J.: 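Quick one: the structure is below, questions incoming.
So you know, we letter chains A, B, ... as the sequences are listed, proteins then strands, and number each from 1. The model shown is predicted, which means the values in this text are computed figures rather than measured ones.
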Protein chains: 2
Amino acid sequence: MADHVDRILEQWKAEKPDLDVSPMAIIGRLSRAALAVDARLANTFARYGLDASSFDVLATLLRSGAPYRISPVELARDAMISTSAVAQRLNKLEARGLVSRQANPDDGRGTLVALTAAGRKLIETALLPHLETERAITASLTVEEKTLLAALLQRINDAARPLK
Amino acid sequence: MADHVDRILEQWKAEKPDLDVSPMAIIGRLSRAALAVDARLANTFARYGLDASSFDVLATLLRSGAPYRISPVELARDAMISTSAVAQRLNKLEARGLVSRQANPDDGRGTLVALTAAGRKLIETALLPHLETERAITASLTVEEKTLLAALLQRINDAARPLK
DNA sequence: TATTGTTATACTCTATAACTATA
DNA sequence: TATAGTTATAGAGTATAACAATA
């Protein structure tokens with residue numbers, strides 16, 4: 001079951017036999033798996049006129065629970081992007097009537113972003129096929145393998161994080 | 001050892017208790033791990049005036065072995081991008097004197113991209129710290145865990161691939 | 001007709017900087 | 001002074017389309 005990464009490793013073995021390129025087996029497959037998964041998820045999002053960024057914002061609002069209101073800073077932290085990037089995502093979603101911005105009554109500087117009825121309906125609808133796609137991608141793994149994979153990825157995440 | 005993804009799962013559990021959101025534990029960590037790894041690798045690349053795209057082209061040429069010459073179509077296939085994107089990457093690398101373009105003597109339509117002496121020196125130099133970074137990221141895993149993780153990622157990759 | 005390769009163009013997404021306003 | 005939020009701007013990267021040339 002040799003894949004593309006295996007062929008890359010063979011090339012390195014031939015060209016640089018003294019080098020330990022074994023970490024590439026993991027890092028290479030991690031990158032490619034993430035790319036493939038992103039592309040697959042994008043297919044589902046597109047069926048609802050969404051992309052990963054928009055889905056992300058709407059899903060963050062939905063899972064925050066009633067009354068489905070969050071500040072832009074929280075959205076920025078959650079998505080690991082700048083607040084200006086958030087503002088621009090929100091402009092698009094607001095133009096489509098999927099979210100609305102309200103003044104924060106407790107903080108004159110603040111804004112609260114809320115799901116509109118249309119936004120809530122859309123994300124509730126898109127969530128199910130999205131989960132089905134994720135289920136399909138992980139379906140071949142046993143329960144034990146899933147737990148293990150999640151744990152290993154978390155450790156990779158921790159190890160990669162240190163440097164900014 | 002709860003991480004960000006754990007908190008997201010808890011939110012979903014509270015808001016949508018009947019939904020099986022367990023695939024998110026894997027997909028979510030996969031995305032975040034890939035992001036963190038990319039950022040970490042970029043640090044190393046930057047020390048040599050490279051980014052991931054440039055490194056990718058130079059490394060592909062190096063591991064192809066002497067005489068370190070590849071056609072743009074092969075580079076496109078390998079990097080999974082369009083040939084026009086390759087042409088634009090090559091323009092930059094050629095301007096820096098790291099690769100050169102030659103006519104393919106066996107195919108009048110073809111071009112062969114070759115590492116220049118400077119390009120070869122740069123990629124040979126950058127390769128070692130790059131591998132060291134990858135080694136550091138995977139260092140906490142045992143040999144068995146590494147093998148397992150690579151295999152699981154390959155299966156995720158296969159499962160995600162089907163749809164275009 | 002298909003393939004190889006390039007450029008021109010437009011698009012998307014982002015961060016930085018500048019700015020307003022409130023704490 | 002620091003924080004919240006927005007817009008304007010510029011940059012990076014890509015794909016699509018159009019094109020030239022050879023197979």
J.: By nearest heavy atom, map A:Asp106 and B:Ala87 onto DNA chain C; which one lands nearer the 5' end?
T.: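 That would be B:Ala87.
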J.: Kindly compute the distance separating NZ (A:Lys13) from CG (A:Asp18), expressed to the nearest 0.5 Å.
T.: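 Rounded to the nearest 0.5 Å, the NZ-CG separation comes out at 8.0 Å.
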J.: Could you state the CD-C1' distance from B:Glu94 to C:dG5, rounded to the nearest angstrom?
T.: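 It is 13 Å, rounded to the nearest whole Å.
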J.: It should be established whether A:Arg109 places a side-chain nitrogen or oxygen under 4.0 Å from OP1 or OP2 of nucleotide D:dA2.
T.: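 No, because none of the side-chain N or O atoms of A:Arg109 sits under 4.0 Å from OP1 or OP2 of D:dA2.
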J.: If you measure from CG on B:Leu9 to OG on B:Ser22, what distance do you get to the nearest 0.5 Å?
T.: 8.5 Å
J.: With respect to the phosphate group of D:dA4, does any side-chain polar atom (N or O) of A:Asn104 fall under 4.0 Å of OP1 or OP2?
T.: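 So the side chain of A:Asn104 is outside the cut-off, no N or O lying under 4.0 Å from OP1 or OP2 of D:dA4.
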J.: Quickly work out the B:Asp107 CG to C:dT6 C1' distance and round it to whole Å.
T.: 15 Å
J.: Nearest 0.5 angstrom please: B:Arg120 CZ to B:Thr125 OG1, how far?
T.: 11.0 Å
J.: Round to a whole Å and report the spacing from CG of B:Leu112 to P of C:dT6.
T.: 11 Å
J.: For residues B:Ser53 and B:Asp56, is any side-chain donor paired with an opposing acceptor at under 3.5 Å?
T.: no
J.: For DNA chain C, whose closest nucleotide is more 5', that of B:Gly110 or that of A:Gly108?
T.: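 Per heavy-atom nearest nucleotide, the more 5' residue is B:Gly110.
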J.: Side chains of A:Asn43 and A:Arg47: do they bring a donor and an acceptor to under 3.5 Å?
T.: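 There is no such pair between these side chains.
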J.: Is there a chain of hydrophobic side chains (I, L, V, M, F, W, Y, each step under 4.5 Å between heavy atoms) that links A:Met80 to A:Val73?
T.: no
J.: Out of curiosity, B:Lys146 NZ to A:Ile26 CD1, how far, rounded to the nearest 0.5 Å?
T.: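 B:Lys146 NZ to A:Ile26 CD1: 6.5 Å, rounded to 0.5 Å.
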J.: Looking at residues 58-77 of chain A, who's got a heavy atom less than 4.0 Å off DNA chain D?
T.: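 When residues 58-77 of chain A is checked for heavy atoms under 4.0 Å from DNA chain D, the hits, listed by number, are A:Ser71, A:Pro72, A:Val73.
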J.: Output the distance between atom CG (A:Asp38) and atom CZ (A:Phe45), rounded to the nearest 0.5 Å.
T.: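 Rounded to the nearest 0.5 Å, the CG-CZ separation comes to 8.5 Å.
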J.: Under 4.0 Å between a side-chain N or O of A:Asn91 and OP1 or OP2 of D:dT7?
T.: yes
J.: Quick one: pull up OG1 in A:Thr111 and CG in A:Leu75 and give me the separation to the nearest 0.5 Å.
T.: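 Interatomic distance, A:Thr111 OG1 to A:Leu75 CG, rounded to 0.5 Å: 11.0 Å.
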J.: Between B:Phe45 (CZ) and D:dA12 (P), how many Å, whole number?
T.: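 Value for this atom pair: 18 Å.
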J.: In whole Å, what is the span from the CG atom of B:Leu90 to the P atom of C:dT6?
T.: 6 Å
J.: Restricting both atoms to N or O, compile the protein contacts to nucleotides 13-15 of chain D shorter than 3.5 Å, with distance only.
T.:
unit_1 : atom_1 : unit_2  : atom_2 : d
D:dG13 : OP1    : B:Asp51 : OD2    : 2.8
D:dG13 : OP2    : B:Lys92 : NZ     : 2.8
D:dT14 : OP1    : B:Arg89 : NH2    : 2.7
D:dA15 : OP2    : B:Ser82 : N      : 3.2
D:dA15 : OP2    : B:Ser82 : OG     : 2.7
D:dA15 : N7     : B:Ser84 : OG     : 3.3
D:dA15 : N6     : B:Gln88 : NE2    : 3.1

